[in-house]
Amino acid sequence: MSAPGTLQFCIRLLRRQLLLAVRRPIEISNPLVFFAMVVALFPLGLGPALENLAGFAAGTLWIIALLSNLLTSDAVFRSDFEDGSLEQLLLSPQPLYLSVLAYIGAHWLMTGLLLALASPVFALLLNLPGQALGTLVMSLLLGTAVLSLLGGIGAALTVGLKRGGMLTSLLILPLYMPVLIFGSAAVQGAVSGIPAGPYLAILAAMLCLAIALAPLAIAAGLRISIDA
Amino acid sequence: MSAPGTLQFCIRLLRRQLLLAVRRPIEISNPLVFFAMVVALFPLGLGPALENLAGFAAGTLWIIALLSNLLTSDAVFRSDFEDGSLEQLLLSPQPLYLSVLAYIGAHWLMTGLLLALASPVFALLLNLPGQALGTLVMSLLLGTAVLSLLGGIGAALTVGLKRGGMLTSLLILPLYMPVLIFGSAAVQGAVSGIPAGPYLAILAAMLCLAIALAPLAIAAGLRISIDA
Amino acid sequence: MSGDPASSPLLASQSLCLIRGGRELFRELSFEVYAGQLWQIEGLNGAGKTSLIRILCGLSRFGFEGEVVCNSPLLYLGHQPAVKALLTPRENLSWHVSGDGLHSNTQIESALARVGLSGYEDVPCHTLSAGQHRRVNLARLFLSEAALWLLDEPFAAIDKEGVDELQTLLTAHVKAGGAVVMTSHQALQVNCDVRFLNLGAGVAA
Amino acid sequence: MSGDPASSPLLASQSLCLIRGGRELFRELSFEVYAGQLWQIEGLNGAGKTSLIRILCGLSRFGFEGEVVCNSPLLYLGHQPAVKALLTPRENLSWHVSGDGLHSNTQIESALARVGLSGYEDVPCHTLSAGQHRRVNLARLFLSEAALWLLDEPFAAIDKEGVDELQTLLTAHVKAGGAVVMTSHQALQVNCDVRFLNLGAGVAA
Amino acid sequence: MFVRRIARCIIAVAMWPIFHKFGSPPWLYAISGAILRWMLPVTLILLVIGAVWGLMFSPADFRQGNSYRIMYIHVPAAVVALAGYYVMALAGAINLIWRMKMADVAMKAAAPVGAAFTFLALFSGAVWGKPTWGAWWVWDARVTSMLILLFLYLGVVALYEAFDNKEAAGKACAVLSLVGMVNIPIIYKSVDWWYSLHQPASIKLTGESTIDPSMLYPLLLMIAAFYALFTCCLLLNMRVELLRRESRTHWVGSLAKRECSDVL
Ligand code: HEM
Ligand SMILES: Nc1ncnc2c1ncn2[C@@H]1O[C@H](COP(=O)(O)OP(=O)(O)OP(=O)(O)O)[C@@H](O)[C@H]1O
Ligand SMILES: Nc1ncnc2c1ncn2[C@@H]1O[C@H](COP(=O)(O)OP(=O)(O)OP(=O)(O)O)[C@@H](O)[C@H]1O
Ligand SMILES: [Mg+2]
Ligand SMILES: [Mg+2]
């Protein structure tokens, strides 16, 4: 036995989380399928009139990405809490800040990244103009990472509660809103020909802030939850 | 001790489920809060298209009702599965068909009924014309009951799986679609002055069909899940 | 196999075979449980005790061969306590999902007192300790009128005094004409005949 | 309290008091755990054993009075096994979240063999039986290099042979200069001194 | 429960010999092999004739030019995709009612095949839509219901994968596909209504009645070919599944030995 370095430990954690997701292939494709289905719901509910859909496509896609992040981020720590792994993580000599980043990173890879990469297909379904596709992908890449980090805070705070399912959404939806506003504004801008750079820069700034602060909040939340 | 009648047993189950929900007040208000937040998200995400909102209010409200049903129906049997209560329910001498109806009934009372009663407020937020409010409430009352029954099928089939969270949505979203179409069509009709009677009648017919068949599927699903 | 041949057995299993994960857990397992008998299923961890009990009570229906006939109302207590964490012990018992009886308040209180939970009747179960949580479930034994009890490790997490009390109850139940099939990793100390079903060897003795 | 006064204690608690749900569980509990000691916390269900262990290892930080000083890396095994159902035993051990060591494959295999799981290294843990599931967690004892072990009912769901094996391990650990603080409802059969901490009476003896 | 038992008794008595055989994996393996031996060439021939006829010898459409020829892929795929769901649901029902393991195999095998055909219909439709409608995708009633059908198929596939106990998985999928079967007519009806309400103008350029015989005959041929193709895929998939399930049994062992010695 030898003591693992911190980086090595984080990579192991990341691999573990990814493998857990891969063990149930359905978990990976699910955010995508959910995305596809809600994309299909919108025309069903709103009527198929094509010209209206295109105008709504940018915002709609962002709202769906947000919802599908919301639905999955609740589970980031839950199973680890229930089987006692979380206790062991908190007792670990490794820095919790980085372990938490590994958890969130895995979550983002399985949801945000996949969603962003698949989003052009859905964008075409909703007739989003082609010139906005690049901005859509970029804004989703940056934005979903922020969402995952914020969602982790909600998940950490509620993981100790008996039935926290929807409490998480209540806690983190308000935090999500700025991301939604800038993300959809970027895409909407690209649709109407406004350069999306500034919006994307703001999203990137948010991401930096979130990476710096959210793990602290998550770590504190976990320590509190384990004691509840 | 005396053997309880079936009806008495179901009423006890219903009370038990309702009390469980009431013990965490957050559970009751959550669908409502979720509804409120997504109502707020829409203008944020769709931004400039705001003036179009009124035209889309009917469909939007229905989509949100559907999503908030979807999010909660996953949990109908989960906690009972995890603590072993479901095994005991399946071994009970009482008819499973009716017990299942009690579970679904409690779920509907806590989500669908509350949503339907609160929906006029949200409708006003989205500028839905006043003459459609009655139809909105009626269609939600009928429609969410169907949704709860269908959602129960998905919940029963996935309750035994380790991480079924989003699988449920994949299974039942396609089944939800007819309800969404008729529900939003009813409201849209009422907005444009078309009598909503036939749509509501169809929703009622769906409800009858669902009450007759869904508990059978749910019962079968539970028996399978407990054995997985 | 012994037992009173005049009466029909409460539970009969015929040539049960089970293969799980490529390992044969038991084969040609036939036995009959008559009123007045106490059976202890023995075996190391992973021998198939839980799997067998779930087959006997009818929860497992796929993946095994053979047949089980059960002629009596049964009470099954499994690994999981079937106790709702948000409800109080009193509510848990009076609204139990098993729906096998309607118990008065005094009955429930005396059952809870018997398992050492008097004073805890009205606190939410999630504030109970691990052993107390399981005791809420065990209280059902004091309320049940089923003749056949299928118990999967009923002594888990229970302290010594609780185990003694339970063993007295099991003896009384068997003497009163009931039957018990149970698993446990502890040796039973009851003053009645115990029949063993050893899964390690795959034979009923 | 006894112990070698020359060396500093691995774990020291000073006048711990805990009140939960309006009941005083323990009061003015002071004791010191030195290398080479085996402590068994005793008490009926609900006496506060789990609460005490969680305070000692630092998971509970609010709601009690007194102080705990821990001078050694510790290994805590709680009620829940911290075993991921979707991973295999091998993966569970080599990627354990506790991050206290990097174990080679042979080390892991021998640890799994010691807890009777050879042949099960590569099946998902959710197909294991209750006892086997807990044994995966116990395998960490064979890998750990921590001097201080805090074990909450390590024998739960383990069969007799497994309990014997574990007791041998605990003795060896203590003799090699480690220390163990554990709870159990069974009387220990180890050939070393056992110190008792009886929570029923609220006194350390 | 009672009805099911009676139905099972009646059918079992009447059809015992056939059922008994269908319940036997080696028999099913052998018979499916025999069927495939002539079915595969027939499928191939039908496909080639239909494709050559439709793509090269039938006249170009006066409005759509040559792009309409995608029809020879699109329409058969759509037709078969729909039929496939009923095959799957029927197999599921047989599995639930008569506990026939081979029906389970059939259902498990049908789901991915059906999903593939649905996807083919959607994809070819999208490719066709680009020149005809000017958009890859239009929320037309037919198109939407086809998308929902794809989700139904995917749900069955996903549910099956999610279960560890494959026997339970089969039953669960059977329940799901039966629920879906009740729902498919409702879905179609509802989407049709929705369409007629919100869609002002008809989009489809050609209807069944207006189709010219010179286009119709190759189309019918292609539909027949796709049905045969579906059957082949289903049987092949079933054989794979059979071998996997029965991999421990004697007959598969001896089969493997024979195949190996054939190869060597
Ligand atoms: C993704 C897009 C599309 C999908 C999902 C789709 C789906 C379908 C479906 C489900 C059918 C019914 C098969 C049956 O009768 O059972 C069908 C038939 C047909 N489709 Fe499409 N379709 C798509 C695009 C198109 C396009 C772009 C055209 C040409 C303009 C087209 C022309 C036809 C024709 C001519 C038929 C057969 C005649 C009929 O039954 O009405 N489809 N399609
Ligand atoms: N969250 C809580 N809120 C209030 N009281 C609690 C809470 N958790 C535990 N208790 C009380 O604390 C007491 C001690 O619980 P603890 O789990 O420490 O007991 P224990 O000695 O481990 O018992 P067991 O042998 O059953 O495991 C119990 O009486 C319980 O009712
Ligand atoms: N879902 C499953 N898939 C495959 N194998 C399984 C599954 N569940 C249990 N097994 C295997 O069946 C065997 C018996 O399990 P079972 O739970 O019946 O054991 P047990 O005798 O109750 O053990 P314990 O004393 O640990 O509770 C174990 O070896 C286990 O690996
Ligand atoms: Mg067991
Ligand atoms: Mg304890």
Side-chain angles (χ1 to χ4, degrees), chain B residues 1-28 75-103 106 159-160 219-228, chain C residues 50-51 53-64 70 72-88 90-108 110-111 124-126 133-134 136-137 140 142-146 148-150 152:
Chain B
M1 192 190 93
S2 63
T6 301
L7 189 68
Q8 205 174 7
F9 175 65
C10 287
I11 291 173
R12 263 163 52 186
L13 266 189
L14 191 70
R15 262 182 64 191
R16 170 176 178 275
Q17 291 300 100
L18 291 181
L19 191 77
L20 279 172
V22 171
R23 280 285 151 81
R24 305 222 157 245
I26 193 68
E27 284 295 309
I28 305 174
V76 179
F77 300 108
R78 187 157 296 276
S79 90
D80 271 21
F81 175 79
E82 278 163 8
D83 65 18
S85 303
L86 205 54
E87 296 175 352
Q88 300 291 340
L89 183 71
L90 292 187
L91 290 178
S92 150
Q94 308 287 347
L96 193 53
Y97 182 97
L98 293 175
S99 327
V100 156
L101 268 187
Y103 274 76
V159 72
L222 289 179
R223 286 201 196 284
I224 293 163
S225 285
I226 209 77
D227 200 3
Chain C
T50 300
S51 311
I53 287 217
R54 285 176 69 90
I55 290 174
L56 292 182
C57 72
L59 284 174
S60 275
R61 298 175 308 150
F62 310 131
F64 68 93
C70 182
S72 142
L74 62 81
L75 178 72
Y76 161 74
L77 302 188
H79 272 299
Q80 292 148 317
V83 170
K84 274 261 159 294
L86 287 177
L87 297 181
T88 66
R90 190 197 301 280
E91 289 161 349
N92 261 302
L93 290 180
S94 63
W95 297 343
H96 201 274
V97 283
S98 74
D100 51 2
L102 204 64
H103 313 291
S104 74
N105 232 330
T106 46
Q107 281 172 323
I108 288 175
S110 85
C125 283
H126 64 84
H133 202 82
R134 285 195 62 91
V136 178
N137 193 30
R140 286 185 62 207
F142 291 94
L143 293 172
S144 158
E145 288 197 344
L148 178 64
W149 290 356
L150 298 173
D152 198 359

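All chains are named by letter (A, B, ...) in the order of the sequence lines, taking the proteins before the strands, and each is independently numbered beginning at 1.
A 4.5 Å side-chain heavy-atom check between B/L20 and C/E91 finds every atom pair outside the cut-off.
Contact of B/F81 with chain C is made through the backbone alone, with heavy-atom distances under 4.5 Å. Only the side chain of B/L91 comes within contact range of chain C, with heavy atoms under 4.5 Å apart. For chain B, no part of C/H79 is nearby; none of its heavy atoms comes within less than 4.5 Å.
Nearest approach of B/R23 to C/L87, heavy atoms of both residues: NH1-CA, 3.7 Å. The shortest non-hydrogen separation linking B/D227 to C/L59 is CG-O, 3.7 Å. Nearest approach of C/W95 to B/R15, heavy atoms of both residues: CZ2-NH2, 3.1 Å. Smallest separation of non-hydrogen atoms from C/Y76 and B/E87: CE2-OE1, 3.2 Å. In plain terms, the two heavy atoms of B/Q88 and C/A82 that are nearest each other are CG-CB, 3.8 Å. Looking at every heavy atom in both residues, C/K84 comes nearest to B/D83 through NZ-OD2, 2.6 Å.
Listed for the B/R16 side chain is no donor-acceptor partner under 3.5 Å among the backbone atoms of C/S94.
For the atom pair OG of B/S85 and CD of C/Q80, the computed distance is 9.0 Å after rounding to the nearest 0.5 Å. Atom CZ in C/R54 sits 6.0 Å away from atom CD1 in B/I226 (nearest 0.5 Å).
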